[in-house]
Amino acid sequence: MLLDGPRSQSVGEERRSLVPSKRILITGILAGVPALFIALQIVASRNGFLGPLESLAADFFGTPKSVTVPWAGLGLALIGLTWQRRFYAVGIALGIDIAYQIVRTLSGGPLALGNGPVIVLTGIVVLALWKWQGVERGNALHAAALGILLVFANKVADVWLYITVLAGPQVLDEHVVLVDHALADPSWMMGQLLEFLGPVVTFVLHWVYIELPLGAMIVAVWQLRRVAFGGGWPSHYLVRTFLTIGLIGPIVYVIFPVVGPIFAYGSEGHSFALGDYWPDLVPPLDLTPGAIPFDKFSPRNCMPSLHTAWALSLFLHSRRDVVTGLLAPRWLRWGGMFWLLATISATLGFGYHYGADLIAGAVLCLTIESALRMPERGWDSVRVQLVAGGAALFAAMLLSYRYLSVQYAEYPGPAGILLVGVGVAYAYAFYRTWFGPVPAEPVLEAPARA
């Protein structure tokens with residue numbers, strides 16, 4: 001008891017000391033999100049594309065753009081509710097979706113679900129603030145905030161893709177394709193393989209690719225399954241990494257604009273393509289690469305591959321229970337591995353990315369995960385070295401892709417081995433730090449009596 005008293009007091013003091021910083025963070029988010037949405041809406045309106053406020057209004061009153069994202073957001077919000085309220089929430093959301101679709105069908109509109117979960121998400125927040133109290137209210141608001149952030153992040157991402165076009169009238173695909181030559185042109189190889197495997201495999205991979213939020217929701221719900229029943233919120237879980245990747249990664253799009261093989265070297269690029277090569281023919285090496293002008297429609301969202309980063313984060317969080325540290329159920333571990341491999345196959349096989357994009361995306365994911373994982377450990381020397389090393393490696397990759405692409409193509413063997421090798425070395429350092437064996441505590445022997 002003597003040992004427990006001071007420790008409990010220090011923990012309580014630590015929690016109380018965190019309250020002001022959390023309030024500042026929440027206040028900043030509440031003020032920043034509307035300002036961001038208004039700014040992006042102004043940009044969208046001036047340039048003739050759908051803005052986030054218009055898209056959000058369509059979720060409430062019109063035709064929602066996405067089905068998966070609103071329902072995945074509601075799935076996250078259900079984490080903070082009791083089973084009875086979960087059934088009510090899902091039932092009401094389904095009823096609203098059906099009612100909206102009946103009206104839409106009678107009006108000659110398309111099939112589009114997603115109004116129900118957005119409306120119910122809003123209702124959960126209103127009820128929690130109005131009627132619920134204590135832990136019940138806190139859990140409901142915390143979980144609903146995760147769902148709302150997922151929906152909001154999707155709205156911002158849609159607008160950001162248009163902004164990448166405005167910011168990058170010229171693209172750097174000529175450089176990246178030379179780097180990919182050192183990796184044995186994986187996009188062309190996978191594209192030909194998918195053509196050989198046929199439409200069934202293509203359909204499965206396409207479904208996995210576009211339904212990434214669903215996979216993330218499944219892993220997150222499993223990680224947070226104890227929250228509503230007194231288990232408390234774990235210090236780290238998938239949604240934190242997922243949202244951070246989505247916050248940092250798109251910034252690189254405007255720094256390093258790339259459209260991808262199917263656009264720059266395939267049929268989707270139309271008159272702006274450098275030829276109709278993908279996936280049957282590898283384009284001839286051009287050792288005088290430069291920035292090439294491209295159309296005003298194709299997003300410059302290749303470098304890095306955020307689909308790879310997100311799928312890798314999903315894979316990492318499907319390995320172990322974040323609370324107990326024990327192995328996750330076999331179905332979740334196999335599902336996480338399948339989602340990662342299928343996403344990588346889709347990004348390459350559909351011509352959306354080069355292999356160099358995937359390596360950069362993996363390094364970005366591991367760097368962000370190293371910064372967020374096990375916050376209770378603090379910023380010790382190992383974490384600092386891992387995060388700083390990952391950031392430096394990511395920056396070095398981008399610089400080498402831009403300024404050493406000719407050397408990649410001239411010395412493909414050594415360059416490819418070096419690029420893959422440094423990526424594997426960093427992944428091994430990540431594994432040893434966060435998943436490797438934990439050294440046993442030293443046992444102090446009592447001094448011998450004289």
Side-chain angles (χ1 to χ4, degrees), residues 157-191 194 205-206 209-210 212 245-270 272-275 277-279 282-283 286 289-312 343-365 394-405 408-409 419 423:
D158 287 342
V159 177
W160 193 258
L161 293 181
Y162 287 104
I163 291 177
T164 64
V165 177
L166 299 176
Q170 294 183 315
V171 299
L172 301 174
D173 287 72
E174 284 192 331
H175 290 275
V176 186
V177 77
L178 292 180
V179 178
D180 245 35
H181 183 62
L183 300 172
D185 306 297
S187 181
W188 274 260
M189 294 175 61
M190 186 58 68
L194 289 191
L205 293 183
H206 187 264
Y209 186 83
I210 64 175
L212 184 59
I245 290 173
L247 180 67
I248 296 174
I251 297 173
V252 185
Y253 291 164
V254 300
I255 300 172
F256 204 113
V258 180
V259 290
I262 197 171
F263 294 96
Y265 295 96
S267 58
E268 294 298 317
H270 305 294
F272 287 89
L274 297 173
Y277 297 104
W278 191 92
V282 176
D286 181 359
I292 58 173
F294 215 76
D295 64 31
K296 297 181 180 180
F297 309 103
S298 305
R300 280 62 162 157
N301 62 338
C302 283
M303 183 64 69
S305 169
L306 294 193
H307 261 80
T308 299
W310 281 320
L312 179 56
T343 301
I344 291 174
S345 301
T347 57
L348 292 173
F350 296 151
Y352 297 153
H353 286 281
Y354 303 93
D357 307 336
L358 273 64
I359 297 176
V363 171
L364 176 66
C365 169
F394 181 73
M397 282 183 173
L398 295 184
L399 289 171
S400 70
Y401 294 171
R402 175 64 178 83
Y403 297 106
L404 297 176
S405 56
Y408 273 101
L419 180 57

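The two atoms that bring A309 and G361 nearest to each other are CB-O, 3.4 Å, heavy atoms only. Shown here for L348 and G355, the closest heavy-atom pair between the two residues is CD2-N, 3.8 Å. Considering every non-hydrogen atom in both G249 and P304, the closest pair reads O-CD, 4.1 Å. The nearest pair of heavy atoms linking H175 to S405 is ND1-OG, 3.0 Å. The minimum heavy-atom distance linking V165 with S298 is given by the pair CG2-O, 3.3 Å. Across all their heavy atoms, V254 and I251 have their closest contact at CG2-O, 3.0 Å.
No donor-acceptor distance shorter than 3.5 angstrom exists from the side chain of D173 to the backbone of P261, with no hydrogens or angles considered. Using modelled atom types, one side-chain atom of H307 and one backbone atom of Y209 make a donor-acceptor pair closer than 3.5 Å. A distance-only check finds a donor-acceptor pair linking the side chain of W160 to the backbone of P250 [under 3.5 Å]. Remark: the backbone N or O of I292 is not paired with any side-chain donor or acceptor of Q170 at under 3.5 angstrom.
For the atom pair CG (L312) and CD1 (I344), the distance works out to 7.5 Å, reported to the nearest 0.5 Å. Separation of atoms CG (L205) and CG (L194) is listed at 5.5 Å; rounding is to 0.5 Å. Note that CG of D286 and CG of L178 are 7.0 Å apart. Values are rounded to the nearest 0.5 Å. Rounded to the nearest 0.5 Å, atoms CD1 (I262) and CZ (F350) are 9.5 Å apart. Separation of atoms CD1 (I359) and CG (L364) is listed at 14.0 Å; rounding is to 0.5 Å.
Using modelled atom types, one finds a donor on one side chain and an acceptor on the other under 3.5 Å when comparing S400 with Y408. Side-chain polar atoms of H353 and T347 form no donor-acceptor pair below 3.5 angstrom.
L172 is not listed as a side-chain neighbour of R300, based on a closest heavy-atom distance of 4.5 Å or more. Taking the side chain as every heavy atom from C-beta outward, V177 and P283 approach each other to under 4.5 Å. Side-chain contact between T308 and D357 is absent, with no heavy atoms from C-beta onward closer than 4.5 Å. Y354 places a side-chain heavy atom less than 4.5 Å from the side chain of V258. Side-chain contact check for P257 versus T164: every heavy-atom pair is 4.5 Å or farther apart.
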| Stepwise side chain to side chain contact (heavy atoms under 4.5 Å, CB included) check, I255 with L398 | CA-CA 10 Å; I255 300 172; L398 295 184; 5.8 Å; no

| task | Let me see the working for Y253 and M303 under side chain to side chain contact (heavy atoms under 4.5 Å, CB included), right down to the final yes or no. | result | CA-CA 6 Å; Y253 291 164; M303 183 64 69; 5.7 Å; no

| said: Using side chain to side chain contact (heavy atoms under 4.5 Å, CB included), reason through H270 and D295 one step at a time and then give a plain yes or no. | reply: CA-CA 9 Å; H270 305 294; D295 64 31; 5.6 Å; no

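Classified by interplanar angle (parallel below 30°, tilted 30° to 60°, perpendicular above 60°), the ring pair Y277/Y265 is tilted.
In this view, W278 and S187 satisfy the side chain to side chain donor-acceptor pair (under 3.5 Å) rule, not counting sequence neighbours. Remark: Y401 pairs with no residue by the side chain to side chain donor-acceptor pair (under 3.5 Å) rule, at least two apart or across chains.
If you look at F263 and F272, their ring centroids are not closer than 6.0 Å.
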